[in-house]
**Q** 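Got a structure for you, written out below as structure tokens; questions coming shortly.
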2 protein chains.
Amino acid sequence: MPSSPSNQSYHHGSLRAALLSHAMELLDTKGIEGVSIRAVARLAGVAHSAPANHFPNKRSLMSALAARIFNQLENEVLAQMETTSGQRAERVMAFAEAVVAFALTYPHRYRLLWRRESLIDHDAELHSAMEAVYALLIGTIEGEDDEFTTSLETRAIAIWSMVHGYLIMRLDGNLMEKTDELTQAPRHRAIITALLEGIGGGPSGARRDC
Amino acid sequence: MPSSPSNQSYHHGSLRAALLSHAMELLDTKGIEGVSIRAVARLAGVAHSAPANHFPNKRSLMSALAARIFNQLENEVLAQMETTSGQRAERVMAFAEAVVAFALTYPHRYRLLWRRESLIDHDAELHSAMEAVYALLIGTIEGEDDEFTTSLETRAIAIWSMVHGYLIMRLDGNLMEKTDELTQAPRHRAIITALLEGIGGGPSGARRDC
DNA sequence: CTGCTAATATTGACGCTGTCAATTTACGCC
DNA sequence: GGCGTAAATTGACAGCGTCAATATTAGCAG
């Protein structure tokens with residue numbers, strides 16, 4: 001009966017799913033370095049070498065984990081964007097809001113997404129899971145006539161880069177600690193605003209919130 | 001004679017500097033995971049436990065390495081910015097240009113700078129080395145009257161985030177491969193341009209280069 | 001110049017890791 | 001019912017970071 005995970009038979013039945021689940025648990029509690037094949041196997045109650053049947057090496061396990069995390073992120077972004085059907089700026093802000101919220105809630109999961117040394121270089125499943133999130137981002141800025149200096153794709157990468165760069169530094173506490181302790185959470189809103197309005201041309205508004 | 005590294009005496013003389021040098025060499029050739037205390041000691045020709053006298057643990061070694069890398073980056077940025085004494089946009093571009101060039105030349109060094117799990121949380125030397133680069137960035141955008149929607153600090157973090165986010169994804173090959181193979185290197189110029197001109201308000205120029 | 005102390009390097013051990021090989025178990029299909 | 005094969009087990013290996021005990025030497029006090 002493959003549907004019973006706690007089966008005490010020799011064969012686990014659904015070990016692959018159980019391994020991923022325990023790996024996620026370890027990732028959340030102990031961080032990326034805390035995820036080891038042997039520890040995961042221990043949690044699943046199987047021998048240290050049992051995972052080898054489902055994941056040929058550690059990177060394979062971590063890649064499957066990362067793909068699952070990208071899928072979660074996609075769902076979070078989708079949910080957040082359903083609450084907003086407004087203008088381009090609001091849609092971009094909703095995207096950023098969802099990613100920031102996810103990363104701050106599950107910092108280690110978010111970090112793993114970019115830990116390329118721990119992942120398989122061109123894993124198909126992982127790649128398509130990431131592309132799905134990227135497609136959502138494209139959806140936030142396309143549709144209207146594009147007469148910007150930069151292309152649609154460049155602007156998408158710009159948004160993605162900024163959100164990601166901000167998060168990595170915030171999660172690590174670099175540069176941010178002294179600033180965010182004062183202004184609290186919505187700093188990322190100001191960051192996105194800076195991107196939307198530009199920082200090189202001159203004043204484009206009166207209100208300053210951060 | 002502490003100035004002779006290849007001294008065959010029992011005491012190395014300048015082991016700490018030699019260890020850092022060999023660690024940098026390993027970092028460049030084998031990546032972050034390739035830097036191990038024992039491998040570094042092997043390269044230096046000392047016992048596997050000799051580094052413990054100079055670095056209490058691995059994070060201490062990696063932090064010293066990262067601080068040295070930040071210092072190198074600071075010099076690169078300084079050199080690049082001396083070639084440009086132009087407007088704000090050109091200074092920002094020069095900063096980005098220097099960081100991008102450094103990261104593409106020494107990808108593993110750049111990656112280590114943000115590998116917080118491998119570094120000491122609040123190492124003083126590392127922190128001040130990073131702040132020095134941050135101060136250069138502040139210098140690129142301050143001076144003129146600030147009447148932007150966002151604060152000076154927010155705009156600095158925005159630039160830094162965008163450059164960093166772009167680089168991490170480009171080094172990893174995420175999202176970038178299919179785009180950069182077409183447009184080649186100067187994609188990051190377009191990214192910075194997007195930030196300078198803004199992406200939310202509407203067209204602000206006619207020329208489109210990427 | 002002698003002697004002592006503290007710094008530095010060595011050896012050895014421990015538990016942990018990822019990975020491989022050989023073996024045992026049991027499911028499912030003919 | 002037997003059998004092939006997938007799945008799990010045990011055991012081993014080298015490499016890792018770290019600690020403890022030991023050996024060597026540099027530098028300074030007298």
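Quick note on labels: first sequence line is chain A, next is B, and so on, each numbered from 1.
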**Q** Please report, rounded to the nearest Å, how far the C1' atom of C:dT11 is from the CZ atom of B:R38.
**A** 11 Å
**Q** Given the rule that a pair is Watson-Crick or G-U wobble with both distances under 3.5 Å, how would you write DNA chain D in dot-bracket, using | for pairs to a different strand?
**A** ||||||||||||||||||||||||||||||
**Q** Would you say the side chains of B:S151 and B:T154 form a donor-acceptor pair under 3.5 Å?
**A** yes
**Q** By ring pair (Phe, Tyr, Trp, His ring centres under 6.0 Å), which residues pair with A:F102, not counting sequence neighbours?
**A** A:Y106
**Q** Nearest whole angstrom, please: distance from the P of C:dC20 to the CZ of A:F55.
**A** 16 Å
**Q** Tell me the closest heavy-atom pair linking B:L112 and B:A66, and the distance in Å.
**A** CD2-N, 4.2 Å
**Q** Just to verify, what does A:E125 make a side chain to side chain donor-acceptor pair (under 3.5 Å) with, not counting sequence neighbours?
**A** none
**Q** Nearest of D:dG17, C:dT19, C:dT17 to any side-chain atom of B:I37?
**A** D:dG17
**Q** Name the nucleic acid region contacted by B:R42, choosing base, sugar-phosphate or nothing; use a 4.0 angstrom heavy-atom cut-off, strictly under.
**A** sugar-phosphate
**Q** Does B:R16 contact C:dT8 through a side-chain donor or acceptor facing the base, at a distance under 3.5 Å?
**A** no
**Q** Looking at every heavy atom in both A:V163 and A:A96, which two are closest together, and how far apart are they?
**A** CG2-CB, 3.9 Å
**Q** Measure the acute angle between the ring planes of B:F70 and B:W114, then classify it against the limits of 30° and 60° as parallel, tilted or perpendicular.
**A** perpendicular
**Q** Suppose we screen for salt bridge (Lys or Arg N to Asp or Glu O under 4.0 Å). Which residues come up paired with B:R115, at least two apart in sequence or across chains?
**A** A:E117, B:E33
**Q** Name every residue in residues 22-32 of chain B that has at least one heavy atom under 4.0 Å from any atom of DNA chain D, in order of residue number, or write none if there are no such residues.
**A** none
**Q** Would you name the heavy atoms of B:S63 and B:I120 that are closest together and state the gap between them?
**A** OG-N, 2.8 Å
**Q** Just to be sure I understand the geometry, which residues of residues 43-54 of chain A put a non-hydrogen atom under 4.0 Å away from DNA chain D?
**A** A:V46, A:A47, A:H48, A:S49, A:A50, A:N53, A:H54
**Q** Round to the nearest Å and state the distance from A:K58 atom NZ to C:dC16 atom P.
**A** 15 Å
**Q** Using whole Å, report how far CD of B:E33 lies from P of D:dG15.
**A** 17 Å
**Q** Measuring from atom CD1 of B:I191 to atom CG of A:L195, what distance do you get when rounded to the nearest 0.5 angstrom?
**A** 9.5 Å
**Q** Specify the closest pair of heavy atoms between A:M81 and A:A94, including all atoms of both residues, with the distance to one decimal.
**A** CG-CB, 4.2 Å
**Q** Separation of A:N57 atom CG from C:dT17 atom P, in whole Å?
**A** 17 Å
**Q** Look up atom CZ in B:R91 and atom CD1 in B:I141, then write down how far apart they are to the nearest 0.5 Å.
**A** 9.5 Å
